Amino acid sequence: MLDIKWLRENPDAVRAGAMKKRLPDRAAAVDQALQLDAELRAMLPALDALRSEMKNAGKEMGKMTPEQREAFLGKQKERKVVMQGLEEKEKQLKADIEVQMGLIPNVPDADVPEGRDDSENVEVRRWGSVRDFGFVARPHYDIGEAQGWLDFTRASAMAGSRNYILFGDLALLQDAVLRYAVDMLVARGFTPIDPPLLVRDAAMFGTGFFPGGEEQTYRCEKDGLNLIGTSEVPVTSLHGGELMAEDQLPKKYVARSACFRREAGTYGKDTRGLYRVHQFHKVEQVILDINDKVRSIQHHHDIVKNAEDMLQAFDLPYRVVAVCGGDLGVPQAMKYDIETWMPSRANYGETHSASRFYDYQARRLDLRYRQKEGGKATFCHTLNNTVAASPRILIPLLENHQQQDGTVRLPAALRPYLGGREVIGRPVW
RNA sequence: GGAGAGGUGGCAGAGUGGCCGAUUGCGUCACCUUGCUAAGGUGAUGUACCCGUAAGGGUACCGGGGGUUCGAAUCCCCCCCUCUCCGCCA
């Protein structure tokens, strides 16, 4: 949600922002909202004056004798009829404005590259060198199935396509990665959270996934609850409706949760292996802080670095890209993706996504703090980034660290989580 | 799922139809006082919106939504949440 006052003064910037995101329908909401807002403002003075009149008259009546009161009743009832009409209109306008404002996307920052889709994201930097195997490297699903670590056939049979089952050391490796990610962030001052996986619509709306993301969301209609696609939803919503003290900020959280995505409309895309699945686990970092652009940008760099440090500890080559306008989500002001080298794709594949929102989510969530200077209630800034999402992160781990015989070398950082072993699997080729 | 009790400002907690946007306490801020000093006094202190250059004026909001009434924090209905007891249960 944008500040409507700011929108009134900068409609062109907001429209241009929606167009930069390739969301022409959402750009139209700008004019809708402004027109409704103008209508509402035009009627408010009259309504407020009438209310004031009625209120005063009502107070007078409270002091009257029953006989005097009778004489005034008629007049009051007339006013009431007029007011009910106006109030009906006011309510409708406010509801309509809310809908339109909810549709208007956050304005992409100036450092967001122009572009239509992810093919036009701009590489910012690379780390690590792509390994020259010296043998025919195999994709993770071949390694996994040969080792008895992976079963897609039975998973699909019981749960449908885009499902998987992890066994044995791969199941342990997943847990090792997730635990490493949590431990690393906790060591950096983040508070660990195990959040709800089923949330109300308000949380989905507040974080900006609704409206628009309904098709990607599993919904428990009977209870009106939604399975989260990321713990960003419950964690960013955590302090929604609260008025925090400035010295409670920043709040830094690291959540580990299962995530669920319908992946509607992706049929035929990434069908093989662990890349695109309906259910996965993710360790997510979320920061809530004061309304300060410079600090937001600093946090943004910090949370990207957290993820980079993990990938470096795992000895995985990656690159950081600045996500272009057309690939940016509705609520984001700017986003960096981290893409990790995946030999089976002969390319970098997205493993992390770091977003900054400024106060867009905070406005929707009513997430505020009281400023130390002046004591004003102010909307927070929010940010988030993946630390590790599995099983996708298992793809580069298996593929980049595979050995000719089908065993997999563990990066040193993960060994303590797997009983000190340097290698998992047995020779299969 | 059944029965009961509740949800009021940053927090605690009064308020059962007009004198309530709301007593009081705590907290916070300002000023004052000062060998009772990890103290005392005085005052201020909700959010949003509208009109106004401003000073200022007005409106809405007592969990959310609807209703009764000239008038609702207060009465009625629905929903959400919390607590207690029963049931069920990993």
Side-chain angles (χ1 to χ4, degrees), chain A residues 1-9 33-102 194-206 210 219-226 234 237-249 251 258 288 290-291 359 362-380:
Chain A
M1 193 82 71
L2 297 173
D3 178 4
I4 194 158
K5 274 189 244 167
W6 187 82
L7 174 68
R8 279 177 208 137
E9 289 156 18
L34 287 175
Q35 199 206 315
L36 292 164
D37 175 54
E39 268 182 63
L40 176 65
R41 278 146 51 92
M43 69 171 288
L44 272 181
L47 177 57
D48 281 357
L50 184 59
R51 276 187 176 133
S52 179
E53 206 179 298
M54 282 193 69
K55 208 168 153 178
N56 289 327
K59 275 185 186 172
E60 289 304 311
M61 285 184 67
K63 298 174 193 158
M64 290 175 187
T65 62
E67 302 79 61
Q68 290 175 306
R69 196 171 290 174
E70 274 309 311
F72 270 77
L73 257 177
K75 179 74 179 156
Q76 272 298 71
K77 284 185 174 172
E78 276 174 44
R79 290 197 189 101
K80 192 187 176 182
V81 171
V82 177
M83 192 171 81
Q84 278 175 334
L86 289 174
E87 284 191 326
E88 188 61 37
K89 185 154 186 236
E90 182 199 29
K91 209 190 323 170
Q92 189 61 50
L93 282 169
K94 281 187 167 167
D96 291 346
I97 290 169
E98 195 68 14
V99 168
Q100 296 303 320
M101 289 302 290
D194 178 15
L197 308 181
L198 282 162
V199 299
R200 293 176 191 282
D201 290 343
M204 297 299 291
F205 177 85
F210 288 177
R219 181 169 172 84
C220 302
E221 195 54 60
K222 203 171 174 183
D223 299 290
L225 295 171
N226 309 284
S237 304
L238 184 63
H239 297 284
E242 293 179 22
L243 185 55
M244 294 182 283
E246 180 169 338
D247 54 22
Q248 291 177 260
L249 297 170
K251 297 267 190 199
L288 319 176
I290 60 167
N291 197 298
D359 61 6
R363 282 180 186 280
R364 290 174 163 240
L365 288 165
D366 189 25
L367 180 55
R368 297 177 303 164
Y369 67 99
R370 196 177 287 292
Q371 283 188 339
K372 235 179 171 117
E373 284 291 303
K376 201 172 149 43
T378 310
F379 290 106
C380 296

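Every chain is numbered from 1, with letters handed out A, B, ... down the list of sequences. Computed from a predicted structure; not experimentally measured. Both backbone and side-chain heavy atoms feed into the values below; hydrogens, waters and symmetry mates do not.
Within the structure, a side-chain polar atom (N or O) of A:K80 is placed less than 4.0 Å from OP1 or OP2 of B:rG71. Between A:K77 and the phosphate of B:rC70, there is a side-chain N or O to OP1/OP2 separation shorter than 4.0 Å. OP1 and OP2 of B:rG65 both lie 4.0 Å or more from every side-chain N or O belonging to A:K91. Side-chain N/O atoms of A:K55 include none lying less than 4.0 angstrom from OP1 or OP2 on B:rG58.
Contact of the A:L40 side chain with the A:K89 side chain is not registered, since no non-hydrogen atoms from C-beta on lie closer than 4.5 Å.
Contact annotation for A:K5: backbone-only contact, meaning every heavy-atom pair under 4.0 Å involves sugar-phosphate atoms and none involves a base. A:K75 comes within 4.0 angstrom of nothing in the nucleic acid, heavy atoms only.
Straight-line distance from the CD atom of A:Q76 to the P atom of B:rG18: 17 Å, rounded to whole Å. Protein atom CZ of A:R79 is 12 Å distant from nucleotide atom P of B:rG71, rounded to whole Å. Put simply, CZ on A:R363 is 12 Å from C1' on B:rA48, counting in whole angstrom units. Note: CG (A:D37) to C1' (B:rC49) measures 11 Å, nearest angstrom. With rounding to whole Å, A:L86 atom CG is found 15 Å from B:rU59 atom P.
Taking every heavy atom of both residues into account, A:R364 and A:M1 meet most closely at NE-N, 3.1 Å.
In this structure, B:rA14 makes no Watson-Crick or G-U wobble pair, since no nucleotide meets both defining distances under 3.5 angstrom. In a base pair of the Watson-Crick type (N1 to N3 plus N6-O4 or O6-N4) or a G-U wobble (N1-O2 and O6-N3), with each distance short of 3.5 Å, B:rG9 is matched with no nucleotide. For B:rG35, there is no paired nucleotide, since no Watson-Crick or G-U wobble pair has both relevant distances below 3.5 Å. Judged by Watson-Crick or G-U wobble contacts below 3.5 Å, the nucleotide B:rC85 has B:rG2 as its partner. Under the Watson-Crick or G-U wobble criterion, with both distances below 3.5 Å, B:rG56 is paired with B:rC51. Using Watson-Crick or G-U wobble geometry with both donor-acceptor distances under 3.5 Å, B:rU28 finds its partner in B:rA44.
Residues A:Q92 and A:D96 have side chains that bring a donor and an acceptor to within less than 3.5 angstrom of each other.
For A:R69, the side-chain atoms get nearest to B:rG18 when compared with the rest of B:rC80, B:rU47, B:rG18. Closest approach to the A:M54 side chain among B:rG10, B:rC70, B:rA48 is made by B:rC70 (side chain taken as heavy atoms from C-beta onward). Among B:rG46, B:rC70, B:rC19, the nucleotide with an atom closest to any side-chain atom of A:R370 is B:rG46.
Atoms CD and CD, on A:Q76 and A:E60 in that order, are 10.5 Å from each other to the nearest 0.5 Å.
A side chain to side chain contact (heavy atoms under 4.5 Å, CB included) with A:Y369 is found for one member of A:H239, A:M244, A:K376 and no other, namely A:M244.
Salt bridge present: A:E53 and A:R79 bring a charged side-chain N and a carboxylate O closer than 4.0 Å. Under a 4.0 Å N-O distance rule, the pair A:K94/A:E98 does not qualify as a salt bridge. Looking at A:R219 and A:D201, a side-chain N of the basic residue comes within less than 4.0 Å of a carboxylate O on the acidic one, giving a salt bridge.
No donor-acceptor contact under 3.5 Å links the side chain of A:R368 to the base of B:rG10.
Residues from residues 39-52 of chain A lying near RNA chain B, meaning a heavy-atom separation below 4.0 Å, are A:R41, A:L44, A:P45, A:D48, A:R51, A:S52 in numerical order.
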